[in-house]
Amino acid sequence: MRKSLLKRGSALFAFLCGIGVISSAGTVSAEEVKKATLYGNMTVVTQDMLNRAGGDANNFLHTNGNYSQTRYYPASQINTGNVKNLRPAWIFQTEVVESQETTPIVVNGVMYITTSFSHVYALDAATGEQIWHYKHKMGPITTYCCGPNNRGVAVSGDKVFLGTLDAKLVALDAKSGKVVWEKQIADPEKGYSETMAPTAVNGKILIGTNGGEYGVRGFVKAYDAESGKLLWTFYTTAENSVGVWATHDATGRDMLRDIKAEKAALKKLGDPYKTLGGGVWQNPAVDLETNRIYFVAGNPSPDLDGSVRPGDNLYTNSLISVDLDTGKYICHFQYIAHDVWDLDAVSPPIITQVKDKNGKMVKGVLHGGKTGHVYVHRADDCSLIRFSEAMVPQEDMWVLPTKDGQRMLPGANGGVEWSPMTVDAGLGLVYVINLHQPMTYHVESTPYPGGKLWLGGAFKVIPGEEQWGNVSAVDYNTGKIRWKVKTQQPMIGGIMATAGGLVFTGEGNGLFKAYDSKTGNLLWKFQAGAGVNAPPASYTVDGKQYIVVGAGGNVQLNYKRGNNIIAFTLAD
Amino acid sequence: MNAKIPFVLGFLFAFVTATANADEYAALRETIEACAGCHGERGASKEDAFPILAGQELYYLYVQMKDFKSGLRKNEIMQPVLADLKKQDLFALAKYFSEQKWPNIGFTGDPERVLNGERAANAGQCVACHLGSYTGNSRVPRLAGQYPNYLAKTMLDMKSKARNNATAISALLSTFSESDISDMAEYMGNM
């Protein structure tokens, strides 16, 4: 351990020396040197480091790269000209062969990754050698939908933070992996679980919850990073969840609601907010200028049966903004009121400058929906500026689910799932991975089952119908698709753009690919041997830029499982 | 050092060792023996009408026993057997069976039916809950290597609502034909 600490402590020195050598060869630009982490004591993650993560070409400090969640990595050592020389530098195998959704977090040469069933590993980011392994002592009760996944850790100060399947928030000592504190977030017997990475900001740890398939009451909570004390809770299902009886979705299509029947049900059943779902699966974007966060809330419970939850079901299927210090509501925008298709909001929002309706640049928020649209909002009031062309086929929207099943596209695993998008602001493009998996929607009304799976029907994949995915580049200032590349299988995992003019993303068939971000031309690929269904990350150690990704397959789409974390760098 | 400390430590060690060696299921041995009448020694059933309990998921077993006791899952045999047991007894029983080794039933399915069963299970996205190995987790049961006859019967009972304590699964199974259900049982039993 001492050795590894010394190694970490000398990382800056080694990095600077490395730059001297490599710069003379012309592969690292002066601009890149400026973007490196040249502050801090190298063992502690300061708030300043977290704030500047977007320009830090050494580290990868947030699950989605930076507080704006652009997943844009500022290093360009690996670029369109040399990506063909990208080779594996090392492969680390975890002890868990199951769905892999982690984003590696890298702090000054140390990498933190997670696996299914809430394990954490600290690795030497240059060699892949294990420093420590934390295996969460799981309680006997876990209740989760769509796999025992974990999407990564948050880092702040001298700690690493993890959400667990049994609905706990755990703070680990970053040097040793020992537990510093542990808090029960919610009751797993009632359907709460954690698979998302927490977000660390200003001494707080933010975390949402899964459970939209179990009749939970969704939330985002803020905890004190030092003590684990709960600071605030924002519930994603409002006590008055009825709303305005919206009849059309965000794109103006009629959702065929029977408002009269819903009003009668409301009179009989009352407001359903206590079991209304609204899980928050992914990280909030943080706007430090306004001290606000933006996140999306998922589907209402039960997924397919609207008869037991009359009203708009606020704030399910919505972009929501709350105050970072208090958790107080600021604004929201609901994409689909009273959703009965589980085409919810899951992919993490991105803050970036966008053109408003008059062509003026304003602070905006992007979200990719399971509907297959990218939605572009004003950040100040959450209102919708525009939505993109559909990236996947849409048919018969919004036909209602029936007992015998009704085909509608997208299927419930459709469009943009939980997969994070990435933005190249210089090009004005957001890069998105999509699924096309036709399904039938079946409804069957049942009462709240007290923590058991509660779908109110069933989703069924249509055997024999072709399934596929795509990588799309969308101009968020016009809503037009700039380029689109079809993939063999539906896409789930995530994507990352870099200053090298590249976007990296993986597929269920094990291929990890790099595309030219301007054109969509395929420039490089690697067969990982198991599904690459985790978001990639990048970092630099000793002057070498690495691209890293998990290859462990995916439970939701049943892609081949594995247990590899693979780091790539340019061949010498 | 205080002279009493070694003595106290020795006593504590003896106490802890004795406690660790004690049979934590002593109070339930009679019940466990009664269970063996149908479910086999240690829950390793040898008859295909009765499900294997040995190595099944703890929380799944607990919830099923709770549901039998309350009548949510109807069964003329199980309900009276569990009627007088308290929740902590049910949890301990579940723990006991979950700690036993899952037996190999040595079943080999018909290849064509296994293949069709796999296709049907994929359409139902069964692995999303039961995991790719169909070994389940916590409240989701292991299906891999369970008796196909039991699996087929319980799935058909769910389809017909004769078993109605997992409504989401009932809704899903109601979309399958009886023949597909039977093939899914063949596929899972074959694992």
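We name chains A, B, ... by the order of the sequence lines, and we start the count at 1 in each one.
Between the OG1 atom of A:Thr446 and the NZ atom of B:Lys161 there is a distance of 9.5 Å, given to the nearest 0.5 Å. Taken to the nearest 0.5 Å, the OG1 atom of B:Thr167 stands 8.0 Å off from the CG atom of A:Leu455. Remark: A:Glu444 CD to B:Ser170 OG distance equals 7.0 Å, nearest 0.5 Å. Atom CZ of A:Arg561 and atom CG of B:Leu131 lie 7.5 Å apart (nearest 0.5 Å). Atom OG1 of B:Thr175 sits about 10.0 Å away from atom NZ of A:Lys403, to the nearest 0.5 Å.
A 4.5 Å side-chain heavy-atom check between A:Val461 and B:Gln125 finds at least one atom pair inside the cut-off. Considering only heavy atoms from C-beta on, B:Arg119 stays 4.5 Å or farther from A:Pro463 through its side chain. With contacts defined as side-chain heavy-atom distances shorter than 4.5 Å, the pair B:Asn137/A:Phe117 qualifies.
In this structure, no portion of A:Met138 lies under 4.5 Å from any heavy atom of chain B. Looking at B:Ser174, only its side chain comes within 4.5 Å of chain A, counting heavy atoms on both sides. Contacts of B:Leu173 with chain A are absent, with no heavy-atom separation under 4.5 Å from either backbone or side chain. Of the atoms belonging to B:Asn165, heavy atoms from both backbone and side chain fall under 4.5 Å from chain A. Within the 4.5 angstrom heavy-atom criterion, no atom of A:Asn554 approaches chain B. For A:Pro302, no part sits under 4.5 Å from any heavy atom of chain B, backbone or side chain. A:Glu98 touches chain B through its side chain: at least one heavy atom from C-beta onward sits under 4.5 Å away, while N, CA, C and O do not.
Around the CD atom of B:Glu41, the shell of radius 6.0 Å holds no more than 12 heavy atoms that belong to other residues, nucleotides or ligands. A 6.0 Å sphere centred on CD of B:Glu47 holds no more than 12 heavy atoms belonging to other residues, nucleotides or ligands. No more than 12 heavy atoms of other residues, nucleotides or ligands shown are found within 6.0 angstrom of NZ on B:Lys153. Around atom CZ of A:Arg407, more than 12 heavy atoms belonging to other residues, nucleotides or ligands sit under 6.0 Å away.
B:Thr154 is linked by a side-chain hydrogen bond (donor to acceptor under 3.5 Å, both in side chains) to B:Arg163, counting only residues two or more places apart in sequence or in another chain.
Inspection of non-hydrogen atoms places B:Val63, B:Asp67, B:Leu72, B:Phe91 of residues 63-99 of chain B under 4.5 Å from chain A.
Heavy atoms only, all atoms of each residue included: A:Thr142 and B:Ser138 are closest at N-OG, 2.8 Å.
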